[in-house]
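Accompanying notes for the structure given below.
Throughout, protein chains are lettered first and strands after them, A, B, ... in sequence-line order, and every chain is numbered starting at 1.
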2 protein chains.
Amino acid sequence: MSDTFALDEFDRKILRALQENADYSMAELGEAVGLSHTPCWRRIKRLEKEGIIQGRVTLLNPESLSLGVSVHAYITMTKHDEASLTAFEDAVQEMPEVVECYSTSGEKDYLLKVVVGSVDHYETVLKTRLVHLPNVASVNSTFALKQVKFTTQLPI
Amino acid sequence: MSDTFALDEFDRKILRALQENADYSMAELGEAVGLSHTPCWRRIKRLEKEGIIQGRVTLLNPESLSLGVSVHAYITMTKHDEASLTAFEDAVQEMPEVVECYSTSGEKDYLLKVVVGSVDHYETVLKTRLVHLPNVASVNSTFALKQVKFTTQLPI
DNA sequence: GTTGAAAGGGTTGCTGT
DNA sequence: ACAGCAACCCTTTCAAC
């Protein structure tokens, strides 16, 4: 594959640490992985240029923002030509409540993860927005009773 | 709710910017939201202390690490007493390939999002790990054909 | 790879509004 | 409350080796 790169154990240690916490200083990071700060910094710059590091983001606490309700919505489409699917996918990008979207194998066409503040709030989003997305035939919703695990750390 | 706090428009602008990119300097951030860097920095510290800001993480590109295959696994449990569920949930935390886990309403008990490198890799994870998690009766897997959207930004 | 030094930005306190 | 300023210190960044 043209988009894979050879990573040594230093790179992996750096990536594992940075996935967990982007706030490590070069000195801390170097000490943790067994390098001095300069090669550590050079490796990070290389990993950024290669596109392996996508960026640093701040994670917020959903509960404290009254966004503690996650819903998985399963979408069946009326049409399956490329233009119809693209119209749906573009519209999904514009909905901030939809934080994840996958086209799926199996009976349903898409799986959406939607973040809202309450069941009532979801009902509004569902009836005023989701069912009106382009070419949607039906929406089947499953509420998350509990978020058991959520991590942005990839298993490297 | 004791864990919700009053946020003004400055706080929201700061949070929106930091969710998108944690690398903004105080000067940039202040300019973007209409504050000077000192009050901007103080607000961030307050938001961290209140737990609204959970932390900063580095996001990696799954494809470049050969982790481009996402699978949603639906779990049915053999037992539903609290101890059995807790045993399962604890075991899930220890599986780095499982990046999300929700207990769900509906027929299935849990929904897992699993990140792997290939379909073959998933088969191994499924047969050697997932089906042997505590109190699992059955696992039903759906492959993501395409990741249409993924964001860590909450809709604030 | 290392050491070390310059430049930049984060952090704090103070004054004034 | 915020702006502005000054100072310190840590971190990033880039030499030179």
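- Not a single donor-acceptor pair, N or O on each side, falls under 3.5 Å between the base of D/dT13 and the side chain of A/T38.
- Taking the six-membered ring for Trp and the full ring otherwise, A/Y102 and B/H72 have centroids separated by under 6.0 Å.
- Residue contacts for B/R42: at a heavy-atom cut-off of 4.0 Å it reaches a base atom on one of the strands shown.
- Side chains of B/K146 and A/Y110: a donor-acceptor N/O pair is absent below 3.5 angstrom, by distance only.
- At distances below 3.5 Å, not a single donor-acceptor pair connects side-chain atoms of A/N135 with backbone N or O atoms of A/M77.
- Checking the phosphate oxygens (OP1, OP2) of D/dT13, a side-chain nitrogen or oxygen of A/W41 falls inside 4.0 Å.
- Of the residues near DNA chain C, B/D23 and A/C40, the one whose nearest nucleotide (by heavy atom distance) lies more toward the 5' end is A/C40.
- If you take CD of A/E31 and C1' of C/dG1, they are 18 Å apart, rounded to a whole angstrom.
- Distances from the side chain of A/R43 to the nucleotides D/dT13, C/dT11, C/dG1 place C/dG1 closest.
- Note: CG (A/L35) to P (C/dT3) measures 11 Å, nearest angstrom.
- Proximity of A/S36 to the phosphate of C/dT2: a side-chain N or O atom is located under 4.0 Å from OP1 or OP2.
- No donor-acceptor pair closer than 3.5 Å links the side chain of B/S84 to the backbone N or O of B/H80.
- Counting to the nearest Å, the C1' atom of C/dG1 and the CZ atom of A/R46 are 14 Å from each other.
- Taking CG of B/L18 as the reference point, atom CD of B/Q153 lies at 10.5 Å (rounded to 0.5 Å).
- Spacing between C/dG16 and D/dC8 at atom C1', rounded to whole Å, works out to 22 Å.
- Between B/M26 atom CE and D/dT12 atom P the separation is 14 Å, expressed in whole Å.
- Not a single donor-acceptor contact under 3.5 angstrom links the side-chain atoms of B/H37 to the base of D/dG4.
- Base engagement by A/P39 is indicated by at least one non-hydrogen atom pair under 4.0 Å involving a base atom.
- Between B/R56 atom CZ and C/dG10 atom P the separation is 11 Å, expressed in whole Å.
- Between B/F10 atom CZ and D/dC2 atom P the separation is 7 Å, expressed in whole Å.
- In this structure, B/I14 places its CD1 atom 12 Å from C1' of D/dC2, rounding to the nearest Å.
- Side-chain proximity of A/S25 to the nucleotides D/dT12, C/dT11, D/dA1 is greatest for D/dT12.
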